[in-house]
Asks: 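Could you have a look at this structure, given as structure tokens, before my questions?
The shown structure was predicted, so the numbers you read here are calculated from the model rather than taken from an experiment. Positions are given from 1, in the same order as the sequence printed here.
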Amino acid sequence: MRNSKQDSKKGVKATVDEPKQTRFIPVSKWNEFHEWPPVGGMRHLIFFRNENGFAKVLKRPNRTWLIDEKAFFKWVSEKKYKPRKKEPEIQENTKTSVE
């Protein structure tokens with residue numbers, strides 16, 4: 001009897017020390033759990049996943065893209081993504097004079 005109590009205490013400690021399992025959310029249902037980014041923005045990140053490092057956030061067991069929630073917020077906090085480069089502005093001050 002004494003061993004069973006000790007084993008149960010060890011089991012409780014083991015579950016407390018282990019990290020909780022992350023949630024995998026389908027892209028189409030992302031906005032049911034979080035406001036940002038919208039589904040269209042998420043699809044953009046998926047399309048450029050190899051350039052922006054978003055591939056480590058994704059799982060694709062079948063034909064559905066799943067997002068690892070913890071990995072996503074870790075990825076955002078690390079700022080591994082690069083902002084888009086702005087196109088140079090076109091100067092409209094250059095006028096051609098026709099004489």
Side-chain angles (χ1 to χ4, degrees):
M1 185 88 179
R2 190 173 208 186
N3 290 337
S4 64
K5 287 183 181 180
Q6 289 176 351
D7 291 339
S8 65
K9 288 180 183 179
K10 288 180 183 178
V12 171
K13 287 182 182 179
T15 57
V16 172
D17 294 337
E18 295 174 4
K20 292 184 179 179
Q21 184 177 357
T22 185
R23 186 166 45 171
F24 293 103
I25 303 173
V27 174
S28 60
K29 301 201 186 262
W30 178 260
N31 290 130
E32 293 177 14
F33 299 95
H34 304 285
E35 291 181 20
W36 179 85
V39 173
M42 195 65 82
R43 292 187 193 282
H44 175 82
L45 293 172
I46 292 169
F47 186 79
F48 292 104
R49 66 189 173 275
N50 295 326
E51 289 102 28
N52 60 18
F54 199 67
K56 66 181 179 181
V57 173
L58 298 170
K59 305 290 181 203
R60 192 170 189 191
N62 295 321
R63 294 181 55 90
T64 304
W65 286 108
L66 299 175
I67 300 167
D68 183 345
E69 190 176 29
K70 283 184 181 179
F72 172 78
F73 288 112
K74 182 179 177 185
W75 178 80
V76 169
S77 66
E78 290 174 352
K79 298 189 184 217
K80 292 287 183 181
Y81 59 92
K82 295 179 183 176
R84 288 189 345 193
K85 295 179 182 176
K86 293 184 179 179
E87 295 180 15
E89 295 180 16
I90 300 172
Q91 293 180 354
E92 295 181 12
N93 295 340
T94 58
K95 295 181 181 179
T96 57
S97 59
V98 179
E99 296 180 15

Asks: Could you grab the distance from atom NZ of K70 to atom CZ of R23, nearest 0.5 Å is fine?
Replies: 11.0 Å
Asks: Are any of the side-chain heavy atoms of I67 and L58 separated by less than 4.5 Å?
Replies: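 Counting from C-beta outward, I67 and L58 do come under 4.5 Å.
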Asks: Take atom CZ in F73; do more than 12 heavy atoms of anything else shown fall under 6.0 Å from it?
Replies: yes
Asks: For the OG1 atom of T22 and the NZ atom of K59, what is their distance to the nearest 0.5 Å?
Replies: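 The OG1 atom of T22 sits 9.5 Å away from the NZ atom of K59.
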Asks: Ring-plane angle category for W75 and F54, please: parallel below 30°, perpendicular beyond 60°, tilted otherwise.
Replies: perpendicular
Asks: Are the side chain of R43 and the backbone N or O of G40 linked by a donor-acceptor pair below 3.5 Å?
Replies: no
Asks: What's the separation between atom NZ in K29 and atom CG in L66, rounded to the nearest 0.5 Å?
Replies: 12.0 Å
Asks: Side chain to side chain contact (heavy atoms under 4.5 Å, CB included) with R60: which residues, sequence neighbours excluded?
Replies: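 Once residues adjacent in sequence are excluded, the partners of R60 under the side chain to side chain contact (heavy atoms under 4.5 Å, CB included) criterion are R63, W65.
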Asks: What's the spacing between E35 CD and W30 CH2 if we round to 0.5 Å?
Replies: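 CH2 of W30 is found 12.0 Å from CD of E35.
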Asks: What is the minimum heavy-atom distance between P26 and T64, and which atoms define it?
Replies: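 Taking P26 first and T64 second, the nearest heavy atoms are CB-CG2, 4.2 Å.
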Asks: Side-chain heavy atoms under 4.5 angstrom apart, residues restricted to Ile, Leu, Val, Met, Phe, Trp, Tyr: same cluster for F72 and I46?
Replies: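 Both belong to a single hydrophobic cluster.
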Asks: If you measure from NE2 on H44 to CG on N52, what distance do you get to the nearest 0.5 Å?
Replies: 7.5 Å
Asks: Kindly work out whether a path of hydrophobic side-chain contacts (I/L/V/M/F/W/Y, heavy atoms less than 4.5 Å apart) joins V39 to V57.
Replies: yes
Asks: Once rounded to the nearest 0.5 Å, what's the spacing between atom CD of E32 and atom CD1 of I25?
Replies: 9.5 Å
Asks: Consider only side-chain heavy atoms of I, L, V, M, F, W and Y, link residues closer than 4.5 Å, and tell whether F24 and F33 are in one cluster.
Replies: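 No, F24 does not connect to F33 through the hydrophobic network.
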